[in-house]
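Residue numbering restarts at 1 for every chain, and letters A, B, ... go by the order of the sequence lines.
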Amino acid sequence: MSRQLERTVRSLTEAAPLFAALGDATRLAVVARLCTEGPLSTSRLSDGAAVSRQAITKHLETLAEAGLVRDARLGRERIWQLEPRRLDLARRELDRIGDQWDAAIGRLKAFVEEER
Amino acid sequence: MSTASTDRIEKRVILQAPRARVWKAIANAEEFGTWFRMQFDGPFVEGQAVRGRVLYPGYEHMTGELLIVRIEPEHYFAYRWHPYAVDMNIDYSGEPTTLVEFRLEDDGANTVLTVVESGFDQIPHARRAEAYRMNDGGWTGQMENIAGYVTTA
């Protein structure tokens, strides 16, 4: 295995739990709220949610295990915030497909221009 | 940070070829396969699915299916497919697809091509990571080949 490939496999293995953590509608909604509203307490995050506060707490802990969010205690409240670096990893996976398109479009360009 | 940005990929390129030539390279299944590295069972027909075999060395056992969504001659071509369907032991038919769109516009004697692949947010995240693990070796090698091919062309 080439060194580059080894590096890729390592980064993907690292990304797998991240995708699993994001693969849930409630957790995605929580991440979206933390994205747009900034750090929020457990009770704020539970307001308006379709599931109980206990369920939200469990989802937040799953996200924390994947390194997507971090919590801090403020008095009796737990405040949650995003770890943007981990989300960037998900973004990079999409960039990889973009690279595949770049390669395919490069071949298309060579193909249609070669007759000139 | 936008969550929407994970849903689509958009690429634009200026091709030094007339629109009719670019159109043929995209809408003709055989020509499409030449640069996309797939060999298709039949022509691209609106509303129909067409199966193709991957031509990349080491991946010839893999097949993929394109569902041709729309053909507007010399302007627009779109299909749906399973972007991570790399494991022959998994039935992907029940899973969501992404939409791939090609738009062609004139730019003098050249053609501006825009390619958009969208719908990634609907794809199960676990599938993405798994598929990347499986196919990245192929793509890494492919990228190296292309780099050599394009720079000598």
Requested in this report: Would you check if Thr34(B) and Leu108(A) make a side-chain contact, meaning some heavy-atom pair closer than 4.5 Å?
Outcome: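 SC-SC contact between Thr34(B) and Leu108(A) ruled out.
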Query raised in the report: Is there side-chain contact between Val100(B) and Trp101(A), with heavy atoms separated by less than 4.5 Å?
Result: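 Val100(B) vs Trp101(A): side chains touch.
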Query raised in the report: Okay, side chain of Lys109(A), backbone of Ile14(B): is any donor-acceptor separation there less than 3.5 Å?
Result: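 Checked: pair present.
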Query raised in the report: Under 3.5 Å, is there a donor-acceptor pair between the side chain of Glu113(A) and the main chain of Gln16(B)?
Result: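 Judged by distance alone, yes, a pair lies under 3.5 Å.
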Query - Shortest non-hydrogen contact from Ile105(A) toward Lys11(B) - result: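 Answer, listing the atom of Ile105(A) first, then Lys11(B): CD1-CB, 3.6 Å.
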**Report entry** Nearest heavy-atom neighbours spanning Val112(A) and Ala25(B)
**Finding:**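 Looks like CG1-CB, 3.4 Å.
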With hydrophobic residues grouped by side-chain heavy-atom distances under 4.5 Å, do [X] and [Y] end up in a single group?
X	Y	answer
Val116(B)	Phe32(B)	no
Tyr76(B)	Ile68(B)	no
Ile79(A)	Val30(A)	no
Leu28(A)	Leu63(A)	yes

**Report entry** Proximal component of Val115(B), with respect to chain A [non-hydrogen, under 4.5 Å]
**Finding:**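 Side chain of Val115(B) only, per the 4.5 Å heavy-atom cut-off to chain A.
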Requested in this report: Would you mind checking which part of Glu31(B) comes under 4.5 Å of any heavy atom in chain A, side chain (CB onward), backbone (N, CA, C, O), both or neither?
Outcome: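 Contact with chain A involves both backbone and side-chain atoms of Glu31(B).
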Within 6.0 angstrom of [X] [atom1], more than 12 heavy atoms from elsewhere:
X	atom1	answer
Glu30(B)	CD	no
Arg44(A)	CZ	no
Arg53(A)	CZ	yes

Query raised in the report: In Å, rounded to the nearest 0.5 Å, how long is the span from CD1 of Ile26(B) to CZ of Phe111(A)?
Result: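 If we round to the nearest 0.5 Å, Ile26(B):CD1 and Phe111(A):CZ are 10.5 Å apart.
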**Report entry** Gap separating the CZ atom of Phe36(B) from the CZ atom of Arg107(A), nearest 0.5 angstrom
**Finding:**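 It comes to 8.0 Å.
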